[in-house]
Colleague: 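The structure's right below; bear with me while I get my questions together.
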Protein chains: 2
Amino acid sequence: MADLAQLAGVSKITVSRALGDSPLVNPETRERIHALAREHDYKLNISARNLRLRRSHTVAVIVEMKPSTDRTMFDPYPLLLLGGISQELTAAGYSVLLTTRQGASAAAVQAADGLILLGQGVHQDAVRRFDKLRLPMVVWGAHTGNDAHVVVGSDNRLGGAVVARHFIALGRRRPVFIGNPSHPEIFERLNGFVDALAVRGIKPLLMRRDEFTLDSGMDAVHSLHARKVGFDAIFACNDLLAMGAIRATLDLGRSVPADVTVVGYDDMPLGASFLPPLSSVRQDWQEGGILLARKVLALIEGEPASSESLPVSLIVRST
Amino acid sequence: MADLAQLAGVSKITVSRALGDSPLVNPETRERIHALAREHDYKLNISARNLRLRRSHTVAVIVEMKPSTDRTMFDPYPLLLLGGISQELTAAGYSVLLTTRQGASAAAVQAADGLILLGQGVHQDAVRRFDKLRLPMVVWGAHTGNDAHVVVGSDNRLGGAVVARHFIALGRRRPVFIGNPSHPEIFERLNGFVDALAVRGIKPLLMRRDEFTLDSGMDAVHSLHARKVGFDAIFACNDLLAMGAIRATLDLGRSVPADVTVVGYDDMPLGASFLPPLSSVRQDWQEGGILLARKVLALIEGEPASSESLPVSLIVRST
DNA sequence: CGGTATCAAGATACCGATAACATTTCGTTT
DNA sequence: AAACGAAATGTTATCGGTATCTTGATACCG
């Protein structure tokens, strides 16, 4: 920058102002300096600026990344979140620092201006750890009612309720819920489901399954059958589980949707091509990412931000 | 750090050395300072260090992120790459700066110590742009033989060849390739496929399909049928296409694998649960990510690094 | 016991930007 | 013509670390 200043015959600070489009410099001077900067391919030193401004214009995104058949960052959907986040932060001139929980101890994270936490397991365990960094922080997940921090998530209670109402409208009396309610988000879905069914005096059966795979869904239905439990509706908290459940149901000689109604969750593209095309609850991940980004940015600017739920919608196809 | 120095009764530089575990300080002193740092929850200022050292310990990962049914960053597999990259860089004390091509003009990227480019479209178009940053750079994708930069990718030629040999071993004579060869990676698969078949004087039919969806795969087979083209083997360059092709084949009353052999690509988990269980070519994405990371790190350290292909393996199931 | 090697720690300068305060320049007012 | 004020630019200090060069203290040597 000093060199540029010499070339332009002005002082460093004038160059700094010119490049920052400050109104303090003469428009002519500014143009001249801009031209010079382009010509000499001058690049601002971000580290120096960060040091001086005490801001990094960076938001750290911390994801869960354990390798398992459980839901992980490798599901495509949480990645849509990242897409939304990235889009919004980039537009605001911020960068995304991607980290795993393990890597988050790496110094760079504390240099961030804000934090976004993704991944369901995070909630109780890790949030406190990151709380100590005293950075603006936003968490993706389920609302617990009395959150100490800003939570953005899709409205899982509503998701459960919508499916319940769908079942009620179809006159179903013996619904089953398949999934792992120890995930806070899924616990909420179950709650919404149970409460909305209770209005009609219906009590669903909970089939706990920890793996979110097609095989696990098949297994759930087979074990229902083995235990001679009757059912006429299945709410699977993931599309793969739902597809497995459907396949097993068909295997058992029962019809979908005539005998059994099945609804999945996430509305993955594949579901629409499944035979029969899968009904599912859709959440708008990308919008969620955008919202997460906006909230951190607000917090960083010192503005208030509150937790928020995103609507979900039931896509009824042929199951 | 000055405060810590005062507390410890030493000078700043000694604190700096102690925290950096430099052998220049007395072990006792070092311990004392470390203890003090922990006690007061002292955090090094990364920006200051970056400025002084002229390094950011950051690698920018630039991904393709256009929303389409084409292959995008939202496929789960390219994301496994990210996982591998992140794992390896974190272990080496580096951070991952995630950017889209659009956002890559954001200043932060040029502050990175190195660059990793993901996304097939990148090749010809954007590489040059990033070349100008004069940063150590590694690209994921297909090898073109005379690459100006380091390329890591799985061995797509081999992938194609392996499938071809499989078909030959089964006595297939009229194979079809489904996919979009304008992606360099897929072009290589096609090349490997064609060349290995040519050994037996077999010429495959190319069914060009731009979308990598199940419907697109069905459509491909239906249009083969409509055009009364005979075929006894299908190599789809993606598992969704393969599943669609299988479904359409079955719809047409032909048997898989008795009448038609089908092989997909990527070996997605769902494929194993498909009916019939899908045969597919598996590439080790995570390993690829690790390799990408190692190569940039090497380049950053000033060591040489060369392009490299990762092996792939054919998983034969029931198609 | 003087001279040198070794270890520990300090002094100073510097990385490259920007904020705060100071100064010059010029047009305008009275 | 002196005084004033706004616009444009400059001076200085500073953000928080680390490299380099020195200095001081202790140990070891013949």
Side-chain angles (χ1 to χ4, degrees), chain A residues 1-37 40-58 93-95 106-113 133-135, chain B residues 1-38 40-58 93 95 106-113 133-135:
Chain A
M1 191 174 260
D3 299 349
L4 256 195
Q6 191 139 36
L7 283 169
V10 298
S11 67
K12 282 203 305 178
I13 188 67
T14 300
V15 174
S16 174
R17 286 175 180 141
L19 295 179
D21 287 326
S22 155
L24 286 177
V25 295
N26 186 318
E28 275 176 36
T29 315
R30 184 196 311 161
E31 258 326 300
R32 192 156 46 90
I33 295 177
H34 265 125
L36 235 51
H40 293 274
D41 199 28
Y42 168 78
K43 301 264 169 43
L44 199 82
N45 182 316
I46 310 298
S47 299
R49 167 203 249 166
N50 286 347
L51 173 57
R52 179 69 235 229
L53 298 182
R54 292 144 158 253
R55 299 188 61 185
S56 61
H57 284 275
T58 291
Y94 277 72
S95 304
V109 169
Q110 7 150 324
D113 295 336
L133 292 180
R134 315 200 147 281
L135 286 175
Chain B
M1 190 172 259
D3 298 348
L4 255 195
Q6 191 138 36
L7 283 168
V10 297
S11 67
K12 281 203 307 178
I13 187 66
T14 302
V15 174
S16 173
R17 286 173 181 145
L19 295 178
D21 288 326
S22 153
L24 287 177
V25 294
N26 186 318
E28 275 177 38
T29 315
R30 184 197 311 161
E31 257 326 300
R32 192 156 46 89
I33 294 178
H34 266 124
L36 235 52
R38 266 195 304 278
H40 294 272
D41 200 27
Y42 168 78
K43 303 264 168 44
L44 200 83
N45 183 315
I46 311 299
S47 300
R49 165 201 253 171
N50 287 347
L51 173 56
R52 179 66 234 230
L53 297 182
R54 295 141 159 258
R55 300 187 59 184
S56 61
H57 284 277
T58 292
S95 304
V109 170
Q110 10 152 320
D113 295 337
L133 293 180
R134 313 199 148 282
L135 287 174

Colleague: When rounded to the nearest 0.5 angstrom, what distance separates CG in B:L44 from CD in A:Q110?
Modeller: 7.5 Å
Colleague: A:I13 CD1 to D:dT9 C1': how many Å, rounded?
Modeller: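 A:I13 atom CD1 is separated from D:dT9 atom C1' by 10 Å.
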Colleague: Distance check needed: D:dT26 P versus B:E28 CD, whole Å only.
Modeller: 14 Å
Colleague: Heavy atoms only, 4.0 Å cut-off, all strands: where does A:S47 land among base, sugar-phosphate and nothing?
Modeller: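 Touches nothing.
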Colleague: Measure the CE-OG distance between B:M1 and B:S11 for me, rounded to the nearest 0.5 Å.
Modeller: 10.5 Å
Colleague: Which comes earlier along DNA chain D counting from the 5' end, the contact point of A:L53 or that of A:N26, where each point is its nearest nucleotide?
Modeller: A:N26
Colleague: What integer distance in Å separates B:R54:CZ from C:dA17:P?
Modeller: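 In whole Å, C:dA17 P and B:R54 CZ are 10 Å from each other.
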Colleague: Which distance, rounded to the nearest 0.5 Å, do you find between the CG of B:L51 and the CG of A:N50?
Modeller: 9.5 Å
Colleague: How many whole angstroms separate atom CD1 of A:I33 from atom C1' of D:dA8?
Modeller: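 Answer to the nearest Å: 11 Å.
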Colleague: Is any side-chain heavy atom of A:T58 closer than 4.5 Å to one of A:D113?
Modeller: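 In short, these two side chains do not touch, never coming nearer than 4.5 Å.
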Colleague: Would you mind classifying the nucleic acid contact of A:R52 as base, sugar-phosphate or nothing, using non-hydrogen atoms under 4.0 angstrom?
Modeller: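 Here A:R52 touches the bases of the nucleic acid.
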Colleague: To the nearest Å, how far apart are B:R17 CZ and D:dA19 P?
Modeller: 9 Å
Colleague: Can you tell me the base-pairing partner of D:dG30? Count Watson-Crick or G-U wobble geometry only, both distances below 3.5 Å, and say none if there is no partner.
Modeller: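 Pairing partner: C:dC1.
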Colleague: Check whether any side-chain N or O of B:R49 sits under 4.0 Å from OP1 or OP2 of D:dT18, and answer yes or no.
Modeller: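 The answer is yes; a side-chain N or O of B:R49 sits under 4.0 Å from OP1 or OP2.
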Colleague: Please compare B:L51 and B:K12 by the position of their nearest nucleotide in DNA chain C and report the one closer to 5'.
Modeller: B:K12
Colleague: Classify A:I46 by what it touches in the nucleic acid, base, sugar-phosphate, or nothing, heavy-atom distance under 4.0 Å.
Modeller: nothing
